[in-house]
Amino acid sequence: MSGSVNRPVRRRTFVLGTAAVAGTAALAGPLAETASAASFGYTDDGSNYVVDTGASLVFKVSKTNGDLTSLAYKGTEYQGYGGMNSHVESGLGASTVTITQSGTTILISVTHGTLKHYYAARSGENNVYLWTNKADTSVSATRYIVRVKAGLFLNDQPDSYTYAPTTIESADVFEKSDGQTRSKHYSKNRVIDYDYVGWTTGSVGLWVVRSNHEKASGGPFYRSLLRHQSADGGGLYEILYYGENQTEGQRFGLQGPYVIALTDGAAPSSALHHANLTTSWADSLGISGYVASGGRGRVAGVGITGRDTAYAYTVGLANSAAQYWGSARASDGYFSITGVLPGTYTLTVFKGELAVYTGSVAVTAGGTTTLNSIAIPSSNDPSNASAIWRIGNWDGTPGGFKNADLMTYAHPSDVRAASWTGNVVIGSGTETSAFPCYLWKDVNSGLIVYFKLTAAQLAAAHTLRIGVTTAYANGRPQVVVNDTWTSAVPSPPTQPSTRSLTVGSYRGNNHTFTYSVPASAWLTDASAYNTLKIYVASGSGTTSFLSAGTSVDAIDLLA
């Protein structure tokens with residue numbers, strides 16, 4: 001492979017983490033290495049503020065633009081590639097940068113127009129704490145990218161395109177010589193699934209521990225790029241607002257802290273996870289928009305009834321200013337969501353990723369809002385409707401359908417994908433696994449479902465339902481029954497306008513299309529197979545996997 005001659009020989013692995021790892025190195029913790037804190041402090045080298053954490057980490061921040069220009073751990077430089085630094089977005093440009101020290105904390109403040117960004121260091125820790133306060137759209141997206149030198153943490157994972165030389169879509173989806181696809185978009189994970197992202201060699205770990213995303217957009221099931229690795233270097237991201245496949249508008253205000261953590265190879269300490277991290281030491285630092293724990297509230301629900309216990313349930317809180325979520329306990333649906341900014345929120349209960357209940361809840365500073373047991377009406381869960389047949393189940397995802405798992409970390413053209421074509425027979429036992437998770441106008445439109453009806457069922461009209469989770473280029477299903485009855489072309493629901501199905505995300509706005517099929521559309525012979533042809537209708541899109549398409553949640557014919 002080209003460019004591999006001078007790479008250091010070391011174990012090259014990666015982690016997208018959800019829990020602490022046994023044996024976490026001492027340097028990962030918020031109060032680590034206090035014995036060596038005598039060197040804690042900062043200097044000014046003329047171009048940068050240089051911060052020595054008093055442990056094994058020294059970092060520099062540019063005095064002119066607020067870029068992180070150096071990240072040196074145990075004497076090895078990890079920051080930067082291609083002449084670029086680590087920064088908000090692609091770099092803020094000219095900014096006002098100041099530094100202060102308050103006892104065992106150093107705070108660097110960066111002001112660029114209406115945006116404010118902060119770096120904090122704590123004595124004896126190998127961590128950099130970051131906050132970003134975005135007040136308006138003057139900065140288009142909101143991300144922080146840690147740029148990492150090439151050759152230090154190489155890997156060949158879905159989000160790595162080091163070994164994928166052929167571009168197959170836009171300028172960011174690639175194909176290897178063996179037909180597998182790679183892209184920085186292929187993170188596999190929803191926001192709810194991970195606490196940190198990074199790499200380890202076994203002796204050094206470099207991580208970004210995410211924030212609680214209270215000012216981010218997209219909710220708990222949003223997917224976005226988290227990391228990439230290419231021949232020129234790697235990047236770790238904290239994405240707070242990214243316009244791709246976005247289901248809601250931006251939220252503004254202070255977001256954080258998120259943490260850059262260096263370790264001796266282990267995962268970052270669980271004390272840094274957003275659910276556990278306490279930052280009382282930052283209460284008096286003067287960070288714009290900062291709200292201490294005493295100014296926040298809690299929502300607790302004693303339980304949720306009407307659940308399908310085969311599924312995980314999530315409770316979300318959202319308004320235009322903030323978003324939060326928590327898991328409902330499997331045994332009884334109890335939930336607790338802490339650290340909530342005061343305000344009135346829409347409370348949503350999700351079965352899997354499908355909203356099955358909504359309500360309203362008010363949160364006050366320093367208080368707990370206790371909710372009585374929430375009862376999900378039977379009619380709110382489409383799975384409760386009596387069906388003659390059903391493909392998949394109603395959970396807001398294409399889970400269980402053909403290629404569904406692969407599509408969160410690969411392009412639809414990937415060699416590992418099963419054929420996107422092929423028809424489905426009700427009663428075969430493979431209805432769901434044989435049905436493709438995505439339908440495209442230019443790829444597999446016109447897929448046929450074969451099914452039989454009893455004489456009594458043939459004599460009646462029935463409702464057909466097709467649930468989708470997102471769509472690209474206004475793709476939506478139009479159906480034909482037995483080549484004699486054709487549905488109207490339904491209106492397109494509101495969906496994200498950007499790529500989705502080809503960049504690892506099926507998450508959009510769940511929508512159910514219903515079709516009233518008259519009895520005259522059915523065959524008269526109960527022993528014969530009826531046919532349902534599902535087409536993708538749209539006047540938009542281009543060709544192949546960028547033609548108009550949609551992701552399927554469930555399909556059923558009601559009794």
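Since the structure is predicted, the reported quantities are computational estimates derived from the model, not experimental observations. All residue numbers refer to positions in the sequence shown, counting from 1.
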Please report the C-alpha distance between F40 and Q101 in whole Å, then the side-chain angles of each, then the deciding distance to 0.1 Å, and finally whether the side-chain contact (heavy atoms from CB on, under 4.5 Å) criterion is met. CA-CA 10 Å; F40 176 73; Q101 181 170 343; 3.6 Å; yes
Using distance alone, with no hydrogens and no angle criterion, decide if [X] and [Y] have a side-chain donor and acceptor under 3.5 Å apart.
{"X": "H274", "Y": "S211", "value": "no"}
{"X": "Y186", "Y": "T181", "value": "no"}
{"X": "H87", "Y": "R147", "value": "yes"}
{"X": "N48", "Y": "Y42", "value": "no"}
{"X": "T53", "Y": "R122", "value": "no"}
{"X": "K116", "Y": "S288", "value": "no"}
{"X": "T370", "Y": "T368", "value": "no"}
{"X": "Q250", "Y": "D136", "value": "no"}
{"X": "T132", "Y": "Y258", "value": "yes"}
{"X": "R298", "Y": "S336", "value": "yes"}

Under 3.5 Å donor-acceptor, [X] side chain and [Y] backbone:
{"X": "N276", "Y": "S270", "answer": "yes"}
{"X": "T201", "Y": "S203", "answer": "yes"}
{"X": "Q79", "Y": "S86", "answer": "yes"}
{"X": "S183", "Y": "H185", "answer": "yes"}
{"X": "R182", "Y": "Q157", "answer": "yes"}
{"X": "N509", "Y": "T494", "answer": "yes"}
{"X": "T279", "Y": "A282", "answer": "no"}

For the rings on [X] and [Y], is their centre-to-centre separation under 6.0 Å?
{"X": "Y242", "Y": "Y237", "result": "no"}
{"X": "H117", "Y": "Y144", "result": "yes"}
{"X": "W199", "Y": "Y78", "result": "no"}

Heavy-atom closest contact ([X] atom, [Y] atom, distance):
{"X": "T114", "Y": "S138", "answer": "OG1-OG, 3.3 Å"}
{"X": "A322", "Y": "L341", "answer": "CB-CD1, 4.4 Å"}
{"X": "T348", "Y": "A355", "answer": "CG2-CB, 3.6 Å"}
{"X": "G54", "Y": "S39", "answer": "CA-OG, 3.4 Å"}
{"X": "I239", "Y": "L225", "answer": "CG1-O, 3.3 Å"}
{"X": "L262", "Y": "N127", "answer": "N-OD1, 4.4 Å"}

Residue pair Q255, N212: steps toward the side-chain hydrogen bond (donor to acceptor under 3.5 Å, both in side chains) verdict: CA-CA 8 Å; Q255 179 66 67; N212 68 352; 3.1 Å; yes
Here the salt bridge (charged side-chain N to carboxylate O under 4.0 Å, His left out) pairs for residues 493-510, sequence neighbours left out, are E169-R499, D172-R499, E244-R499, E353-R507
Salt bridge check, E89 against K134: does any charged N sit closer than 4.0 Å to a carboxylate O?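 Judged by the 4.0 Å cut-off on N to carboxylate O distance, K134 and E89 do not form a salt bridge.
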Identified ring-ring contact (aromatic ring centres under 6.0 Å, His included) counterpart of F350 within the set W325, F221, Y313: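 Single pass found, and it is F221.
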Given W207 and V259, is the side-chain contact (heavy atoms from CB on, under 4.5 Å) satisfied, shown in steps? CA-CA 8 Å; W207 318 94; V259 187; over 6 Å; no
Could you walk me through whether D159 and K188 pass the salt bridge (charged side-chain N to carboxylate O under 4.0 Å, His left out) check? CA-CA 9 Å; D159 52 18; K188 296 186 181 182; over 6 Å; no
Under 3.5 Å, which donor-acceptor pairs link side chains of residues 57-66 to any protein atom two or more places apart or in another chain?
unit_1 : atom_1 : unit_2 : atom_2 : d
S62    : OG     : T64    : N      : 3.1
S62    : OG     : T64    : OG1    : 3.0
S62    : OG     : N65    : N      : 3.3
S62    : OG     : N65    : OD1    : 3.1
K63    : NZ     : D44    : OD1    : 3.1
K63    : NZ     : D44    : OD2    : 2.7
N65    : OD1    : D67    : N      : 2.9

What's the verdict on side-chain contact (heavy atoms from CB on, under 4.5 Å) for Q246 and S217, showing C-alpha distance, side-chain angles and the deciding distance? CA-CA 8 Å; Q246 188 57 254; S217 297; 3.7 Å; yes
Assess whether side-chain contact (heavy atoms from CB on, under 4.5 Å) is satisfied between I260 and L206, documenting all intermediate values. CA-CA 7 Å; I260 303 171; L206 174 57; 4.1 Å; yes
